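Just so we're clear, the structure is a prediction, and the values are computed from it rather than from any experiment.
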Amino acid sequence: HFQLGYAPKGWEMLYDYLVEQKHFPVHLVEQAGLILPRKKGNGYYDRFRDRLMIPIHDVQGRVIGFGGRTLSDEQPKYLNSPETELFDKGKTLFGLDKAKTAISKQDQAVVVEGYFDVITLHSAGIENVVAALGTALSLTQVRQLLRYTESKQIILNFDADTAGEKAAKRAIGEIENLAYKGSIQLRILNLPEGKDADEFLHSSSSEDYQKLLENAPLWIDWQISQMLVGRDLTKVIEAQQVAQNIVELLNKIEQEVQKTQYIQSCAEILSQ
């Protein structure tokens, strides 16, 4: 379904196939990001070698780039196609061609971190899932998703480890203001025990994952909960710091009714 493949170990196998056998112009193969010119001497070598190959499709289902996962100790672990006229990471969502129908049907888009999170969730029957290719979500990517969800609901699912908060905030990118304006219904899902979606489904069911999606907190609620982690509100200094952070957060909310509701609920939290 995802057309996974393999790049052999040789340095010039793809070059030989495309250029020598199929007679594609070498400059086009290079522009496609499949081969690289040698630094010393003439000739080219394959960009992807001894890697599990993951095709990246545009929304029409056409291959525009690749992700390659190493099968040895070679670094980097994941190697992506460079940006080309066809492939722009900031404008591409992995799996959207396969997820768009499910996103429309369920009126909800789930964004995860990795290729195999998408593949595993789709294979488990949860098909409204895409990945952002390791970049912050751009307005272009969000607009693509919003075409398919009437309620404008996007759930970000990131690893529930110590980097989870940073990953979520980094992934928000340009869309944070849309959440504060109420233009999108942005939710955050951190899976338990530091797992990503792929790992979670090895030990839990798709129904378990679906329940967590249903209970995923709104972006603002998630931020407030993060501010309370490890804080002792019985200590005056810590309570003041948390209160100040919450005030700065709530001031960003543009809808007055929503802001008032959050002020009331946060006041109750701080007074306990």
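Note that the CD atom of Gln60 and the CG atom of Leu96 stand 9.5 Å from one another [nearest 0.5 Å]. Taken from CD1 in Ile154 to CG in Leu186, the straight-line distance is 6.5 Å, to the nearest 0.5 Å. Summarising the geometry, atom NZ belonging to Lys195 is positioned 13.5 Å from atom OH belonging to Tyr209; distances are rounded to the nearest 0.5 Å. Atom-to-atom distance recorded for Asp88:CG and Ser138:OG is 8.0 Å, nearest 0.5 angstrom. For the atom pair Leu18 CG and Ile35 CD1, the distance stands at 8.0 Å (nearest 0.5 Å). Rounding to the nearest 0.5 Å places CD1 of Ile246 at 5.5 Å from CG of Leu228.
A donor-acceptor contact shorter than 3.5 Å is absent between the side chain of Asp208 and the backbone of Ser204. Looking at Glu83, its side chain does come within 3.5 Å of a backbone N or O of Lys89 through a donor-acceptor pair. In this structure a side-chain-to-backbone donor-acceptor pair under 3.5 Å is present from Gln141 to Thr92. With hydrogens and angles ignored, the 3.5 Å screen pairs a side-chain donor or acceptor of Ser104 with a backbone N or O of Lys100. In terms of modelled atom types and a separation under 3.5 Å, the side chain of Ser206 and the main chain of Gly125 share no donor-acceptor contact. The closest donor-acceptor contact from the side chain of Glu238 to the backbone of Lys235 lies at 3.5 Å or more, if one exists at all. Remark: side-chain polar atoms of Asp16 are not paired, donor with acceptor, to backbone N or O of Glu20 under 3.5 angstrom. The backbone N or O of Glu30 sits nowhere less than 3.5 Å from a side-chain atom of Arg47 that would complete a donor-acceptor pair. A donor-acceptor pair is defined here as one N or O able to donate and one able to accept, closer than 3.5 Å; no such pair exists between the side chain of Ser81 and the backbone of Gly65. In this structure, Asn128 contributes its side chain and Ala102 its backbone to no donor-acceptor pair below 3.5 Å.
With hydrophobic clusters built from ILVMFWY side chains whose heavy atoms lie under 4.5 angstrom apart, Leu86 does not share a cluster with Leu14. Under the 4.5 Å side-chain heavy-atom criterion for ILVMFWY residues, no single connected hydrophobic cluster contains both Val29 and Ile56. Residues Met13 and Tyr6 are members of separate hydrophobic clusters, defined by side-chain heavy-atom contacts under 4.5 angstrom among Ile, Leu, Val, Met, Phe, Trp and Tyr. Under the 4.5 Å side-chain heavy-atom criterion for grouping Ile, Leu, Val, Met, Phe, Trp and Tyr, Val19 is not connected to Trp11 through any hydrophobic cluster. Cluster annotation: Ile253 is connected to Trp222 through the hydrophobic network of ILVMFWY side chains, with a link wherever side-chain heavy atoms come within less than 4.5 Å.
Between Leu121 and Ile119 the shortest side-chain heavy-atom distance does not fall below 4.5 Å. In this structure, the side chains of Leu34 and Asp46 stay at 4.5 Å or more apart for every pair of heavy atoms. When side chains are defined from C-beta on, Leu213 counts as touching Gln108, because their heavy atoms get closer than 4.5 Å. Between Phe24 and Leu28, every side-chain heavy-atom pair lies at or beyond the 4.5 Å cut-off. Between Thr149 and Ile184, the closest side-chain pair of non-hydrogen atoms is not below 4.5 Å. Counting heavy atoms from C-beta on, the side chains of Leu250 and Val247 never come closer than 4.5 Å. Residues Asn157 and Phe200 fail the side-chain proximity criterion, which asks for heavy atoms closer than 4.5 Å. With a 4.5 Å cut-off on side-chain heavy atoms, Phe48 and Leu79 count as touching.
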Go through the steps for Glu193 and Glu199 under the test side chain to side chain contact (heavy atoms under 4.5 Å, CB included), then give the verdict.
-> CA-CA 10 Å; Glu193 300 175 20; Glu199 293 170 326; over 6 Å; no
Between Thr70 and Leu52, does a side chain to side chain contact (heavy atoms under 4.5 Å, CB included) hold up when you go through it step by step?
-> CA-CA 6 Å; Thr70 183; Leu52 174 64; over 6 Å; no
Test side chain to side chain contact (heavy atoms under 4.5 Å, CB included) applied to Arg51 and Leu71, step by step = CA-CA 6 Å; Arg51 287 179 179 268; Leu71 295 175; 5.7 Å; no
Can Phe2 and Lys98 be said to form a side chain to side chain contact (heavy atoms under 4.5 Å, CB included), step by step?
-> CA-CA 9 Å; Phe2 283 87; Lys98 299 170 181 64; 3.6 Å; yes
May I have the step-by-step check of salt bridge (charged side-chain N to carboxylate O under 4.0 Å, His left out) for Arg38 and Glu12, ending in yes or no?
-> CA-CA 11 Å; Arg38 294 187 181 278; Glu12 297 179 358; 2.8 Å; yes
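Remark: Arg49 engages Glu74 in a salt bridge, criterion side-chain N to carboxylate O under 4.0 Å.
Judged purely by distance below 3.5 Å, without hydrogens or angles, the side chains of Tyr115 and Asn80 pair a donor atom with an acceptor atom. No hydrogens or angles considered: a donor-acceptor pair under 3.5 Å links the side chains of Asp221 and Tyr262.
The two atoms that bring Asp117 and Ala197 nearest to each other are OD1-N, 3.4 Å, heavy atoms only. In terms of heavy atoms, Leu145 sits closest to Val130 at CD2-CG2, 4.0 Å. Nearest approach of Gly33 to Thr84, heavy atoms of both residues: N-CG2, 4.4 Å. Residue Ile126 comes nearest to Val129 through the heavy atom pair O-CG2, 3.6 Å, listed as atom of the first residue, atom of the second, then distance. Taking every heavy atom of both residues into account, Leu270 and Val242 meet most closely at CD2-CG1, 3.9 Å. The two residues Cys266 and Ile224 make their nearest non-hydrogen contact at SG-CD1, 3.6 Å.
Cation-pi check for Arg187 over Trp219 is not met; the charged atom does not lie both under 6.0 angstrom from the ring centroid and within 45 degrees of its normal.
Heavy-atom neighbours of Lys91 NZ from other residues, nucleotides or ligands within 6.0 Å: at or below the threshold of 12. Other residues, nucleotides and ligands contribute more than 12 heavy atoms inside 6.0 Å of the CD atom of Glu248. Atom CD of Glu85 is surrounded by 12 or fewer heavy atoms from other residues, nucleotides or ligands within 6.0 Å. In the displayed structure, Tyr78 atom OH is contacted under 6.0 Å by more than 12 heavy atoms of other residues, nucleotides or ligands. Within 6.0 Å of the OH atom in Tyr17, the count of heavy atoms belonging to other residues, nucleotides or ligands does not exceed 12.
The aromatic ring centres of Phe94 and His57 sit 6.0 Å or more apart.
For Arg69, the salt bridge (charged side-chain N to carboxylate O under 4.0 Å, His left out) criterion is met by no residue, not counting sequence neighbours.
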